[in-house]
Enquirer: 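My questions all concern the structure below.
We're numbering straight along the sequence, starting at 1. All of these numbers come straight from a predicted model, not from anything done at the bench.
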Amino acid sequence: MTPEQRFEMIEQRLASATAILEAASAQQAALIEQHMQVVSLLKATAAQQTALVEMVNQLTAQVNTYVAAGQQV
């Protein structure tokens with residue numbers, strides 16, 4: 001194999017490796033974006049759960065007030 005042929009082979013391998021790395025980088029960026037969307041959804045869910053817990057606490061307090069006053073729920 002001549003030096004020129006060896007150089008071409010190395011050049012082709014480098015181009016192939018570069019293409020693979022670029023594709024992997026694009027996939028990683030897409031996964032990061034999906035991860036950020038999941039985190040955002042989890043934060044929204046946590047906020048909703050917190051609001052629901054607060055509502056349940058308020059309703060429980062109202063029931064306790066009625067019961068303490070001798071009223072039926």
Enquirer: For a quick test of your reading: what N or O donor-acceptor pairs under 3.5 Å do the side chains of residues 44-60 make, sequence neighbours left out?
Expert:
residue	atom	partner	partner atom	Å
Thr45	OG1	Leu41	O	2.9
Thr50	OG1	Ala46	O	2.9
Glu54	OE2	Gln58	NE2	3.3
Asn57	ND2	Val53	O	3.4
Thr60	OG1	Val56	O	2.8

Enquirer: Quick one: does any side-chain atom of Ser40 pair with a main-chain N or O of Met36 as donor and acceptor, under 3.5 Å?
Expert: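 Side chain of Ser40 to backbone of Met36: no pair is present.
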Enquirer: By the rule that ILVMFWY residues connect when side-chain heavy atoms come within less than 4.5 angstrom, directly or transitively, which residues belong alongside Ile20?
Expert: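 Its cluster partners, ordered by chain and number, are none at all.
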Enquirer: Have a look at Phe7 and tell me which of Gln5, Glu4, Glu11 forms a side-chain contact (heavy atoms from CB on, under 4.5 Å) with it.
Expert: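 For Phe7, the side-chain contact (heavy atoms from CB on, under 4.5 Å) check succeeds only for Glu11.
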Enquirer: Transitive ILVMFWY cluster of Ile10 at side-chain heavy atoms under 4.5 Å: who else is in it?
Expert: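 Besides Ile10, the hydrophobic cluster comprises Leu14, listed by chain and residue number.
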Enquirer: Donor-acceptor pairs under 3.5 Å, side chain of residues 22-33 to any protein atom, not counting sequence neighbours: which ones?
Expert:
residue	atom	partner	partner atom	Å
Glu33	OE2	Gln37	NE2	3.4

Enquirer: Taking side-chain contact (heavy atoms from CB on, under 4.5 Å) as the test, write out the residues that go with Leu42, two or more places apart.
Expert: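 For Leu42, the residues satisfying side-chain contact (heavy atoms from CB on, under 4.5 Å) (neighbours in sequence not counted) are Val38.
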Enquirer: Excluding sequence neighbours, so at least two apart, what forms side-chain contact (heavy atoms from CB on, under 4.5 Å) with Arg13?
Expert: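 With neighbours one apart ignored, the set is Met9.
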